[in-house]
Protein chains: 2
Amino acid sequence: MRTTTNPRDLTHPSREDIRLEGVLHALSDPLRLRVVHTLAGSPEQLSCSHFDLPVTKSTSTHHFRVLRESGVIHQAYRGTSKMNDLRRDDLDDLFPGLLDSVLVAVSRHSPTPPGRTGGAPPAPPAVY
Amino acid sequence: MRTTTNPRDLTHPSREDIRLEGVLHALSDPLRLRVVHTLAGSPEQLSCSHFDLPVTKSTSTHHFRVLRESGVIHQAYRGTSKMNDLRRDDLDDLFPGLLDSVLVAVSRHSPTPPGRTGGAPPAPPAVY
DNA sequence: CGCCCGGTACGAGATCCATCAAACTACGAG
DNA sequence: CTCGTAGTTTGATGGATCTCGTACCGGGCG
């Protein structure tokens, strides 16, 4: 009967539990939108600490949790840090075109947020 | 120099003042999502009272205001009632594909909300 | 004119949300 | 084992947000 609430267990909603309202709400915050945008522009997973958000650690934790619990991102521990990546497949399957249109909108309307991701430009719209 | 604050004056954000976060936030509420979906499925403007929302009149007013102030809908008085319609052109121009993908997602994941709109099916995805 | 109907304004209460500081946990390196 | 790094938890605070009830207004109808 161990499963005693291991603090390193991360709960993610299954695909069918992801709700549109939740995703839209998660994306309606500038900070979170920035995280999603950066994540989309990176070919690899990124640790939480990679993002240089203008808030404290606890606030950061909060935002990442909102993103995870709404089904927008997937998180997993790797050593001492936590890796994040977009749940692209799930989102594209559930809400086709939604993520892409949001990402394009962010790219268009934000002057490319300070703090470059690494190399890949914002995020090519992917297949249409 | 006041125009004496005419209560029938409705303020709408100009196109360039519409913000992505605001739109996403406005759409992240089930009630408002339902309104937008119904509006999108109607070829004509609809009065506020056309919607049979499970809330009181004042709450209804509140939600319509959120939609208007975020730039999602346009409102205008016509006689004793207020007509609503989507700001499709503005939204499509600012955030291409966003509204369509949201509407498709609503159509897919809601069992066609009770209280039919009139005739037109949910909203054909329009040009891709 | 007087009334109703569609909608607004104004509080007020409850809940949620973003934010922080401070104390804590877990892992890896010395 | 000790320390530092990465992130969590808890509690508090201030600000939105959602909801309501009640009072109000403006236009149309009888």
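All chains are named by letter (A, B, ...) in the order of the sequence lines, taking the proteins before the strands, and each is independently numbered beginning at 1.
Per the geometry, NE2 belonging to B/His63 stands 15 Å off P belonging to C/dG7, to the nearest Å. Rounding to whole angstrom units, CG of residue A/Leu67 and C1' of C/dA18 are separated by 14 Å. B/Leu53 places its CG atom 13 Å from the P atom of D/dC18, with the value rounded to the nearest Å. For B/Leu46 and C/dG6, the CG to P distance is 15 Å, given to the nearest whole Å. In this structure, A/Tyr77 places its OH atom 10 Å from P of C/dA26, rounding to the nearest Å. At whole-Å resolution of the value, CG in A/Asp29 and P in C/dC16 are 18 Å apart. The CZ atom of B/Arg34 sits 16 Å away from the C1' atom of D/dC18 (whole-angstrom rounding). Rounded to an integer number of Å, the gap from A/Leu10 CG to D/dA6 P is 18 Å.
Checking C/dG7, D/dG7, D/dC20 against every side-chain atom of A/Cys48, the shortest atom distance belongs to D/dG7. Distances from the side chain of B/Thr80 to the nucleotides D/dT19, C/dG6, C/dC17 place C/dG6 closest. Here the side chain of B/His25 is nearest to one of D/dT17, D/dC20, C/dT19, namely D/dT17.
Listed by chain and number, the residues in a side-chain hydrogen bond (donor to acceptor under 3.5 Å, both in side chains) with B/Asp17 are B/Ser14 (sequence neighbours excluded).
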Extract all donor-acceptor atom pairs below 3.5 Å that involve side chains of residues 60-67 of chain B and protein atoms in other chains or at least two apart in sequence.
residue : atom : partner : partner atom : Å
B/Thr61 : OG1  : B/Lys57 : O            : 3.2
B/His63 : ND1  : B/Arg32 : NH1          : 3.1

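Contacts of A/Thr61 with the nucleic acid, taken as non-hydrogen atoms under 4.0 Å apart, include base atoms. Within 4.0 Å of B/Arg78, counting heavy atoms only, lies no atom of the nucleic acid at all. If you check every strand for non-hydrogen atoms under 4.0 Å, B/Arg65 touches sugar and phosphate atoms only.
Look at B/Ser81 and you won't find any side-chain N or O under 4.0 angstrom from OP1 or OP2 of C/dC5. The side chain of A/His62 contributes no N or O atom lying less than 4.0 Å from OP1 or OP2 of D/dG7. Neither OP1 nor OP2 of D/dT8 sits under 4.0 Å from any side-chain N or O of A/Ser58. For D/dC18, neither phosphate oxygen OP1 nor OP2 lies less than 4.0 angstrom from any side-chain nitrogen or oxygen of B/Thr59.
The shortest distance between side-chain heavy atoms of B/His12 and B/Gln75 falls below 4.5 Å. Residues A/Arg88 and A/Leu99 are in side-chain contact: their nearest non-hydrogen atoms beyond the backbone lie under 4.5 Å apart.
Comparing B/Met83 and A/Arg32 by the nucleotide of DNA chain C whose heavy atom lies nearest to each, the residue mapping closer to the 5' end is B/Met83.
Between the side chain of A/Lys57 and the base of D/dG7, a donor-acceptor pair under 3.5 Å is found.
Annotation: B/His25 is not in aromatic contact with A/His25 [ring centroid separation under 6.0 Å not met].
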